[in-house]
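Only a predicted model underlies this, so the values are computations on that prediction, with no experimental measurement involved.
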Amino acid sequence: MRKVSLFITFLAIIGLLGGCGEDTTSLSLNSDDTTDDGVIDYSPSNQEISQVYDNNSGAYYEIFVYSFYDSNNDGIGDLNGVKEKLPYLKELGISGIWLCPIMTSNSYHKYDVIDYYNIDEDYGTMADFESLVSSAKDYNIDIIIDLVLNHTSTSNKWFIESLNAHRNNDVYNQYYDYYNWTTIPNTGYTQSSVQGLYYESRFDSSMPDLNLDNENVRSEIKNIITFWLNKGIKGFRLDATTYYYQSSAKNIEMLEYIRNCAKEVKDDVYIIGEAWSDQSTIENYSATGNSFFAFQYSQGNNPGFASSINTKNISVLNEQLVEFTNTIRKSNSETNASFFVSNHDMDRMGRYFSGREYESQYLKLVASLYLLSPGNPFIYYGEEIGIAGTRGTSNTDANRRLHMIWGGSDKENETIDPPGANFDTNLQVKFGANDLKDDPSSLIYHYKKILNLRNKYADLFLKGDVSYVKISSAIYGLKFSYESKEIIVLTNIFDNLIELNLTNYIENISDYKIVDEIQIINEKAKLSQDGELYLPPFSSIVLSK
């Protein structure tokens, strides 16, 4: 509970008397507006979902299979475990799953592929994968898989054959030039078992880089793409696309080749790439028709979703995000924005606001900001319950990929942590998804509310034209238009009540009303017919005519 000034309270009362008080259609509101003593109720909202929407709004959920759910009690997550959790994912409101690498590999992370045509035995069998894809379709959930084409494992048949061909000077061997070899020591190269022969390996000595100019390699890539698309998946997440070549122009050409191969099999294929680079590079790469993660707005970046909360200024993010979205859509109509706050290569979001007065509210608020943005947002597994995990050194990436916490009867099926994990368990969340998913005041329930709202207006968030509604540095304002539909989404990032007249910011404001609202605290927004807005701390509203 926190007191507000008598003057603001007086204005709030006036606004309430003149407000239209429309009920929302996807949420029921179970709280009073303010307490009788003029104090804003900052306790967690008990707002419940009253109507579930089942549309595909393009929100994806990243799963590191190793750490997600163990169906056979060997301590390691598996594809059957993902299948068992499809009802949970459906209830959460996601539209698609991104599976981190699942192909045969020596490592726990599996970014060093041994066999592109098989499932790693830790995760199950090809039959398990096919069953997962089939079941996911029953839940109207798309699946994309990680496709690692920059490099393979040194245990891959291609590399073994290529190395032997060089050892025997067999220049006519098919695999001779599958990788990038040199007799001159260079940065990014590793000494092979053949004296004086080095192979490119920009990530690790166990991950030799493929020669993507080799026509046989390209044919292999086409076959791999065809093989997996024929299994029924929606598409791919492309790893390390800025490392294909040491040239952006050649990277773009390769990305076009990959897309063309995929489009021959599946016209509506969805491909999203990792280009951990500046905005200009991402915009250029997006011209290929593939989508790319918007790293520039993720956790810690400025302007970003989390940093804007810290600085209490959302204006720069608001304007740049809209400009970025429109730029990439103009470059190619098949691409889309993909916002997120963390992934398997980043520290977890769970403790980003640790120690702050409104820590729990801020975690919900950052979810509201990026999930109510245009395009295809990506949620990292466990983010919805605030799982923590921070890398200590370059050898502890596993701390970013800790086991999902389920709690309840599922606790026995929780996985072990990946090799190398050493995160302090005292800093970890104590309750799991099953403990909290039905609690209206919980973080996970907030994710359910936000995703349900996205699904209600799926076409607008996924395909709609988007523009910036400039009101205040404290209000995240976006206008979405698609065909004959239009909504305006406003979010208060401040921990204070905002009261203002929208007449000067939104044309014909008298034609609008509040049709949906997401509460983080127990306060309800109001909009009078003459445009007076009462927007409680952290709350989001949807306006429509």
Side-chain angles (χ1 to χ4, degrees), residues 56 60-90 92 94-149 152-153 155-157 220-239 258 261-262 265-266 268-272 274 343-344 378-381 401 403-404 410 413-416 418:
N56 186 322
Y60 275 78
Y61 188 90
E62 178 190 358
I63 295 178
F64 181 59
V65 179
Y66 189 105
S67 298
F68 192 60
Y69 192 73
D70 175 17
S71 72
N72 59 1
N73 295 313
D74 65 354
I76 297 174
D78 45 55
L79 296 175
N80 283 333
V82 176
K83 178 182 173 181
E84 287 188 35
K85 284 302 174 183
L86 288 173
Y88 165 81
L89 297 172
K90 186 65 176 179
L92 189 61
I94 66 99
S95 302
I97 298 169
W98 157 24
L99 296 176
C100 290
I102 57 174
M103 301 168 193
T104 312
S105 170
N106 284 327
S107 66
Y108 84 87
H109 55 70
K110 309 198 187 307
Y111 278 96
D112 49 343
V113 179
I114 295 175
D115 184 350
Y116 282 98
Y117 299 96
N118 270 311
I119 300 295
D120 191 277
E121 61 181 11
D122 282 344
Y123 291 170
T125 66
M126 187 61 72
D128 295 336
F129 178 76
E130 291 167 348
S131 178
L132 169 60
V133 173
S134 176
S135 295
K137 288 181 179 178
D138 292 338
Y139 285 95
N140 194 28
I141 294 175
D142 295 324
I143 292 180
I144 64 173
I145 64 172
D146 232 309
L147 187 56
V148 187
L149 300 176
T152 71
S153 167
S155 298
N156 190 297
K157 171 189 173 182
E220 297 272 17
I221 289 171
K222 182 175 183 178
N223 291 339
I224 292 165
I225 289 170
T226 301
F227 175 83
W228 288 102
L229 287 177
N230 283 337
K231 293 292 181 183
I233 63 173
K234 179 69 173 178
F236 305 97
R237 179 265 186 183
L238 302 179
D239 181 61
I258 292 169
C261 291
V265 183
K266 187 179 183 65
D268 65 342
V269 66
Y270 177 56
I271 300 176
I272 180 164
E274 175 197 35
N343 66 17
H344 63 283
F378 277 72
I379 301 165
Y380 190 31
Y381 81 95
R401 306 163 190 175
H403 74 277
M404 177 66 174
D410 279 341
N413 297 92
E414 290 180 3
T415 74
I416 59 173

Given the rule in the side-chain contact (heavy atoms from CB on, under 4.5 Å) test, do Phe236 and Ile272 qualify, once you have shown the distances and angles that lead to the verdict? CA-CA 6 Å; Phe236 305 97; Ile272 180 164; over 6 Å; no
A side-chain contact here means heavy atoms from C-beta on lying under 4.5 Å apart; do [X] and [Y] qualify?
X      : Y      : value
Leu99  : Asp146 : no
Glu62  : Cys100 : yes
Lys110 : Asp122 : yes
Asn343 : Phe378 : no
Pro418 : Phe64  : yes
Tyr61  : Lys85  : no
Pro101 : His109 : no
Tyr380 : Ile63  : no

Give me the atom names and distance for the closest heavy-atom approach of [X] to [Y].
X      : Y      : value
Ser135 : Leu86  : CB-CD1, 3.6 Å
Ser107 : Asp112 : OG-OD1, 2.6 Å
Val113 : Asn156 : O-ND2, 3.1 Å
Lys137 : Gly232 : CE-O, 3.3 Å
Lys231 : Val133 : O-CG1, 3.6 Å
Ser71  : Asn80  : OG-CB, 3.4 Å

Distance, nearest 0.5 Å, that separates [atom1] of [X] from [atom2] of [Y]:
X      : Y      : atom1 : atom2 : value
Asn140 : Asp142 : CG    : CG    : 7.0 Å
Tyr123 : Met103 : OH    : CE    : 12.5 Å
Ile102 : Leu79  : CD1   : CG    : 5.5 Å
Ile145 : Ile97  : CD1   : CD1   : 12.5 Å
Ile221 : Leu147 : CD1   : CG    : 8.0 Å
Ile233 : Leu132 : CD1   : CG    : 11.0 Å

Under 3.5 Å side-chain donor-acceptor pair for [X] and [Y]:
X      : Y      : result
Thr125 : Asp128 : yes
Asn106 : Ser155 : yes
Asp70  : Thr415 : no
Tyr69  : Asp410 : yes
Thr104 : Asn118 : no

Does a sphere of radius 6.0 Å around NZ in Lys157 hold more than 12 heavy atoms from other residues, nucleotides or ligands, not counting ones at 6.0 Å or beyond?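 Not more than 12 within 6.0 Å, no.
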Would you say NZ of Lys266 has more than 12 non-hydrogen atoms from neighbouring residues, nucleotides or ligands within 6.0 angstrom?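 More than 12 within 6.0 Å, yes.
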Using only atom types and a distance under 3.5 Å, with no angle test, would you say the side chain of Ser134 pairs donor to acceptor with the backbone of Glu130?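 No, the answer is negative, given that no donor and acceptor are paired below the 3.5 Å cut-off.
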Name the residue from Trp98, Phe68, Tyr381 that meets the ring pair (Phe, Tyr, Trp, His ring centres under 6.0 Å) definition with His344.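 Exactly one option meets the ring pair (Phe, Tyr, Trp, His ring centres under 6.0 Å) with His344, and it is Trp98.
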Can Arg237 and Glu274 be said to form a side-chain contact (heavy atoms from CB on, under 4.5 Å), step by step? CA-CA 7 Å; Arg237 179 265 186 183; Glu274 175 197 35; 3.3 Å; yes
Go through the steps for Tyr108 and Arg401 under the test side-chain contact (heavy atoms from CB on, under 4.5 Å), then give the verdict. CA-CA 11 Å; Tyr108 84 87; Arg401 306 163 190 175; 3.3 Å; yes
Can you check side-chain contact (heavy atoms from CB on, under 4.5 Å) on Asn72 and Asp78, steps first, answer last? CA-CA 8 Å; Asn72 59 1; Asp78 45 55; 3.3 Å; yes
Please identify which of these residues, Ile144, Ile141, Ile143, meets the side chain to side chain contact (heavy atoms under 4.5 Å, CB included) condition with Tyr60.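 Result: among Ile144, Ile141, Ile143, Ile144 is the only option passing the side chain to side chain contact (heavy atoms under 4.5 Å, CB included) with Tyr60.
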